[in-house]
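Heads up, the thing below is written out as structure tokens.
Lettering of chains follows the sequences in order, A, B, ..., and the numbering in each one begins at 1.
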Protein chains: 2
Amino acid sequence: MDKNENNGKIKFIPEPTLRRLPVYYQYLKKLHNEKRIEFISATQIGNDLNIIPIQVKKDIAITEITGKPKLGYNVRELIKRIEDFLGWNNVTDAFLVGVGNLGSALLSYNGFKEYGLNIIAGFDDDESKVGKEIGKKMVFHVNKLPDMIQRMGIKIGILTVPAPYAQEIADIMVKAGIRAIWNFTHVKLNVPKNVIIQHENLAASLVVLSKKLEILLKSDE
Amino acid sequence: MDKNENNGKIKFIPEPTLRRLPVYYQYLKKLHNEKRIEFISATQIGNDLNIIPIQVKKDIAITEITGKPKLGYNVRELIKRIEDFLGWNNVTDAFLVGVGNLGSALLSYNGFKEYGLNIIAGFDDDESKVGKEIGKKMVFHVNKLPDMIQRMGIKIGILTVPAPYAQEIADIMVKAGIRAIWNFTHVKLNVPKNVIIQHENLAASLVVLSKKLEILLKSDE
DNA sequence: TAGATTGTTAATCGATTAACAATC
DNA sequence: TAGATTGTTAATCGATTAACAATC
């Protein structure tokens, strides 16, 4: 039986924990490469990342690793556990639609593979882009999209098209079999309930940043 | 006295509410432009955005708008209230450092102005980029950065450089007077306590997406 | 008037934080 | 042994959700 299942049912994980795990992972990787430390305590991780140690402990506990009192966790093992837990050992393929600046940035970024995502191709309706390679990924004409999704059984679509095309492309994706859309547009997509939308909303982040800055600058006075 | 203050102290706003406000805003804008509806109820907003109406009501209440029982809120006024509340009427200037694909995408995107952010220039150390314009924004050599931050009193820096330069540039920014950094790298930045970091962590989003997809696909079986 | 919706107070739920025995 | 740290249960805190009187 798989580690994070009980009778085939996946244990529920709080989203905040899920979001912190990659942060620990990046930290641990760096630690392992640069310092070759064998053990690390939750206290130490917490200090370095400005997260309270109890929370680090709770988050780590989810991987079901066993630590050593007084010493902490084996770094190598902890890295492995997080990889296993997040399913980063088997990479999932994805298509990206909309090869503008942002789309190109995501296509060229090779780091996603480390996080279990392999963007295997880009799609665009601009003939001047079709046939080219960006970050070693081929760009196809968007009219090939449905067929290729179906044939290759792709489940994840990345949406970086201009806003007016977002819903249209999402519809095509869903119809062809995509089950999760990483949405970088600011369009609220309508999709069936059995499709996941992960909306990367920069406006939302910006609002949080601005409000914090407002409070900060006010406190300077 | 300003609307969101009490004796000069800014009311605390839950971050989730802060992140939902721009979503309502985008929805309302579209509604107003396309359908010219005068009143909208929390129920209706909730239905359209898949958020439960009570939450919409609570979020909206923070703008201190007064709605009309049976009718709802005046769309025009609600839009205005959200703009006021989020400080979107006076735009804040920002510099962007790292004019690669991602940096170019952000520079070219004109939508941030609507959310109170004006990226006025880009910086890079690549001479082939310096002096050019991207999205009507000049690209300067990064060695001009500290001076220009200081002279223009810029408070927000956007960081889109390759990982190895992230901390170095952040240090320069902070030393010159930047008080908030929008961090698009996957580097955990060390900055003084009186500087805000907003970390756009795509790995974290990706993890959430993958886990949800995993659960979804499992439930198909 | 009847009914939908607001505004506000109370209940619930879930994540964070605290406490503490067990352990190396 | 003494002390730091784990693992786990309990307490706290804050956001979400429910309930309901007031109102148009």
### Message
Please report the interatomic distance CD1(B:I45) to CG(B:D59), rounded to the nearest 0.5 Å.
### Response
10.0 Å
#### Entry: Sidechain N-carboxylate O distance under 4.0 Å for A:D171, A:K175
no
### Query
Given the rule that a pair is Watson-Crick or G-U wobble with both distances under 3.5 Å, how would you write DNA chain D in dot-bracket, using | for pairs to a different strand?
..||||||||||||||||||||||
### Query
If you round to the nearest 0.5 Å, how far is CZ of B:F184 from NE2 of B:H199?
10.0 Å
### Query
When the ring centroid of B:Y73 is compared with that of B:F39, is the distance short of 6.0 Å?
no
### Query
Where does the chain B footprint on DNA chain C start and end, counting 5' to 3' with a 4.0 Å heavy-atom cut-off?
C:dG3 to C:dA10
### Message
When you measure from the side chain of A:R81 to the backbone of A:T63, do you find a donor-acceptor pair of N or O atoms at a distance under 3.5 Å?
### Response
yes
### Summary
When B:Y73 and A:P14 are each assigned the nearest nucleotide of DNA chain C, the 5'-most assignment goes to B:Y73
### Task
Please check if atom OH in B:Y165 has more than 12 non-hydrogen atoms from other residues, nucleotides or ligands closer than 6.0 Å.
no
### Message
Has B:S104 got a side-chain atom pairing as donor or acceptor with B:G100's backbone, closer than 3.5 angstrom?
### Response
yes
### Query
Between B:I54 and A:D59, which has a closest nucleotide on DNA chain C that is more 5'?
B:I54
### Task
Take A:I40 and A:K70, find for each the nucleotide of DNA chain D with the closest heavy atom, and name the residue whose nucleotide sits nearer the 5' end.
A:K70
### Query
Taking the six-membered ring where the residue is Trp, are the ring centres of B:W182 and B:F112 under 6.0 Å apart?
yes
### Task
Could you tell me whether B:A42 contacts a base, only the sugar-phosphate backbone, or nothing, with contacts defined as non-hydrogen atoms closer than 4.0 Å?
sugar-phosphate
